[in-house]
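Heads up: the structure comes next, in structure tokens.
The structure displayed is predicted, hence computed values, not measured ones. Reminder, nothing fancy here: chain letters follow the sequence lines and each chain counts from 1.
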Protein chains: 4
Amino acid sequence: MTTRGRIDKRQAILEGAFTVFAREGYAQACVQEIAREAGVAKPTVYNHMTDKATLFRNALEAAARTILEQRIAALEPLAAPTGDLRATLEEVAHVLLRLHTDGRSCALRRLLYSEVTHFPDILDIVKESGPDRLTQALADRLARLALAGRLRATDPDLAAEQFLALLLGPLEARTQLGTRQLEDSQLRVMAVAAVDAFVRAWGAR
Amino acid sequence: MTTRGRIDKRQAILEGAFTVFAREGYAQACVQEIAREAGVAKPTVYNHMTDKATLFRNALEAAARTILEQRIAALEPLAAPTGDLRATLEEVAHVLLRLHTDGRSCALRRLLYSEVTHFPDILDIVKESGPDRLTQALADRLARLALAGRLRATDPDLAAEQFLALLLGPLEARTQLGTRQLEDSQLRVMAVAAVDAFVRAWGAR
Amino acid sequence: MTTRGRIDKRQAILEGAFTVFAREGYAQACVQEIAREAGVAKPTVYNHMTDKATLFRNALEAAARTILEQRIAALEPLAAPTGDLRATLEEVAHVLLRLHTDGRSCALRRLLYSEVTHFPDILDIVKESGPDRLTQALADRLARLALAGRLRATDPDLAAEQFLALLLGPLEARTQLGTRQLEDSQLRVMAVAAVDAFVRAWGAR
Amino acid sequence: MTTRGRIDKRQAILEGAFTVFAREGYAQACVQEIAREAGVAKPTVYNHMTDKATLFRNALEAAARTILEQRIAALEPLAAPTGDLRATLEEVAHVLLRLHTDGRSCALRRLLYSEVTHFPDILDIVKESGPDRLTQALADRLARLALAGRLRATDPDLAAEQFLALLLGPLEARTQLGTRQLEDSQLRVMAVAAVDAFVRAWGAR
DNA sequence: GATGAATGAGAGTTCATTCAT
DNA sequence: TATGAATGAACTCTCATTCAT
């Protein structure tokens, strides 16, 4: 029970930190504000995390883990693609787009990009809870589909990479670097376009 | 001559600023260091630019302009695609990859991403000297090719968008968010793979 | 037993406190570290001592008392100076030097000097357990010797003061303000030199 | 002229620093207050001195130099001791006592003692501008007097050391570790007593 | 126009001290 | 009684920005 409060507070700090870092960036974010956001006093933050830097890393890691889990879960329909493959792909694509355009998701990308030179070790986050993992998971699914003869059976890793590229690449411009929200209908259109191209390029001949 | 010196100094300041901002990020960069990098005294920086913020915007704008020009120029071969279309596309793709993985280019992306929330007006840079312009220019070229019957004649804007997505999307993972340099041979492989998929998806039937 | 444990803990706290204060000085010493040194938790320190300041005073007092006792004991041989007076003085002088150059002794001096302006009441420690008391005790012994005709019978207080001055004064320079340990042989030489001058100045004509 | 202001300010900072350090001790002194004392803004202090530590060292050094000069000057009468040697010694002794009991002098001693463990390099100050130098200078004078047959011609270094010990040793107790001012008449008495013993111990037989 | 010097404002971090258990 | 956790108050140091020359 004693421990409970502790864990809650740690959680609150990590979430507050991510929120503030996301809003302000690493350098502009001030620990004072993070503490306020988490509803604790400044030294409490330091009792849990040694450093502003450590706080940053941990907050990023926690956020990345959560986000990755959602994305992996979004691939589920591909595990047993009943019926129309194209429809399944579109469904998955649509959900991925929605997840990818979510505020926290965009913020995480921004933070990773902007601080990767100051915190080279956040690359581990990218490797372990980032896009690499998603590509792998997708490649696994596509490999099954290839075996089942429903996709060109050459290189599932490349296929996964290109599926995600076709899907997410256009986002950057459309969302203005992640600052603008898109309508769900727009996302649907983008999903269809990406899947369309993907099927032309990778569908079973 | 006086005027000349002034212009030179302005140029030096803008370049020094971009260098330092690229290395440190907006907030961590300090005007002192920018001045040192540019070889002038700190107040001289303020004589040319009112603000650290203004300095940032101008430095970004100048860098973006230069970078965009190079990219647009790289599309040149597509204007008159002598002979093999696939080969031309691969050549263009290869050059684009090289430009896109260049240090300054990556730094610019990082800066845009990290500061877009604090400087919403840098979106103008993206629109006027960024990827949007490149996509447009490429779409123009592809439209010509479509008219010439060498590409599927449906939607050149979408084609351009997907060409760039297939080409540049995989870069993020391969360069570790732009922190790792790639061998030219690797770039060649990536160019071939992207063009291969593009041709399958968009080649004339 | 409980009481015993309490007393032990109090003792441990006082000793830990002196150790840390000696190493760090009053202001730099942090209660956390004192608690660690004493093997207790931080609030336990506050259960025994109201204040960091109180803790400081008590630790100093305890240390001073111990140190004074040793010094007074060192004067013992002068109570019944069998045989050669000069030899007895040299012996006493030697032991005093050794005590005076001891680490804890030097630390105590340092602490008294540095904090006397912030804790005027530690002057009581000096008066009750410090050099003043030693001078008095020595004066008592010298008075007896004067009565016995073995010393100039004028002013035993002055004699005691000058004996200690001749003995300890040179220490400051030789030990580099108490930071360097001296060889026992060096101490012997210093004792002899001090006694030599003392006897010339205060020996019975 | 530009430089003039700079030098003045540096001087003011060093003096303010010594004042505050003397009053508060190293750790308790805060740069803010030093700046106020010096009549400048806090960052100005940092423009002149890199560090609080550096500031401390420099302030100590400057104060030590000034103080040493005064003490050395006080030995002047011994250079050509016209007439009564005892009277000359008493005069010198008296002045030395006055210098030694001066507020700044006491403060310097306190600071040296209290911080020597944190700043081992301030031992250089002691060597170059502290008591060691004074002892040397005095030894030089006494050697001359020994040559002139007016002092026991054995060991002028030891003689100087013991003269100062007899003179300054009793100060510690009398001034309560340097916190109490003494009347000039008391100083006179102490000077006479010290010289008296010194002459008995070191006077030409 | 260019610069050395100065400053107001603010950030990270530490610490003595107090609750609640 | 002893302790893990939390906090208010300071303190060092940095930086964008402005004068005065």
Whole-Å gap separating [atom2] ([N]) and [atom1] ([X]):
X: A:Arg10; N: F:dG4; atom1: CZ; atom2: P; answer: 18 Å
X: C:Ile13; N: E:dA16; atom1: CD1; atom2: P; answer: 15 Å
X: C:Leu55; N: E:dC15; atom1: CG; atom2: P; answer: 16 Å
X: C:Met49; N: E:dT18; atom1: CE; atom2: P; answer: 16 Å
X: C:Glu24; N: E:dC15; atom1: CD; atom2: C1'; answer: 14 Å
X: B:Ile34; N: F:dC15; atom1: CD1; atom2: P; answer: 12 Å
X: A:Gln32; N: F:dA9; atom1: CD; atom2: C1'; answer: 12 Å
X: B:Gln28; N: F:dC13; atom1: CD; atom2: C1'; answer: 16 Å

- Message: Quick check on E:dA2: is either OP1 or OP2 less than 4.0 Å from any side-chain nitrogen or oxygen of B:His48?
- Response: yes

- Message: On the side chain of A:Asn47, is there an atom forming a donor-acceptor pair with the base of F:dA6 - under 3.5 Å, no angle test?
- Response: yes

Nearest to the side chain of [X], which nucleotide is it out of [options]?
X: A:Cys30; options: F:dT7, E:dA6, E:dA11; value: E:dA11
X: A:Lys9; options: F:dA2, F:dA6, E:dA2; value: F:dA6
X: C:Lys52; options: F:dA16, E:dT17, F:dA2; value: E:dT17
X: D:Pro43; options: F:dT3, F:dT12, F:dC15; value: F:dC15
X: D:Tyr46; options: F:dT17, E:dG12, F:dT14; value: F:dT14
X: A:Lys42; options: F:dA10, F:dA16, E:dA2; value: F:dA10

- Message: Using modelled atom types and a 3.5 Å cut-off, is there a donor and acceptor pairing between side-chain atoms of C:Thr44 and backbone atoms of C:Val40?
- Response: no

- Message: If we ignore hydrogens and angles and just use 3.5 Å, is the side chain of B:His48 paired with the main-chain N or O of B:Ile13 as donor and acceptor?
- Response: no

- Task: State whether B:Glu128 and B:Arg65 are salt-bridged, where the test is any N-O pair (Lys NZ or Arg NE/NH1/NH2 against Asp/Glu carboxylate O) under 4.0 Å.
- Result: no

- Query: Under 4.0 angstrom, heavy atoms only, what part of the nucleic acid is B:Ala53 near: base, sugar-phosphate, or nothing?
  - Reply: nothing

- Answer with base, sugar-phosphate or nothing: what part of the nucleic acid does A:Ala35 contact at a heavy-atom distance below 4.0 Å? nothing

- Please round to the nearest 0.5 Å and tell me the distance separating atom CD1 of D:Ile122 and atom CD of D:Glu115. 7.0 Å

- What distance do A:Gln28 atom CD and B:Thr117 atom OG1 have between them, rounded to the nearest 0.5 Å? 8.0 Å

- Which residue lies toward the 5' end of DNA chain E, C:Ala29 or D:Thr44, if each is placed at its nearest nucleotide? D:Thr44

- Query: Across all strands shown, which nucleotide pairs with F:dT21 by Watson-Crick or G-U wobble geometry, both distances under 3.5 Å?
  - Reply: E:dA2

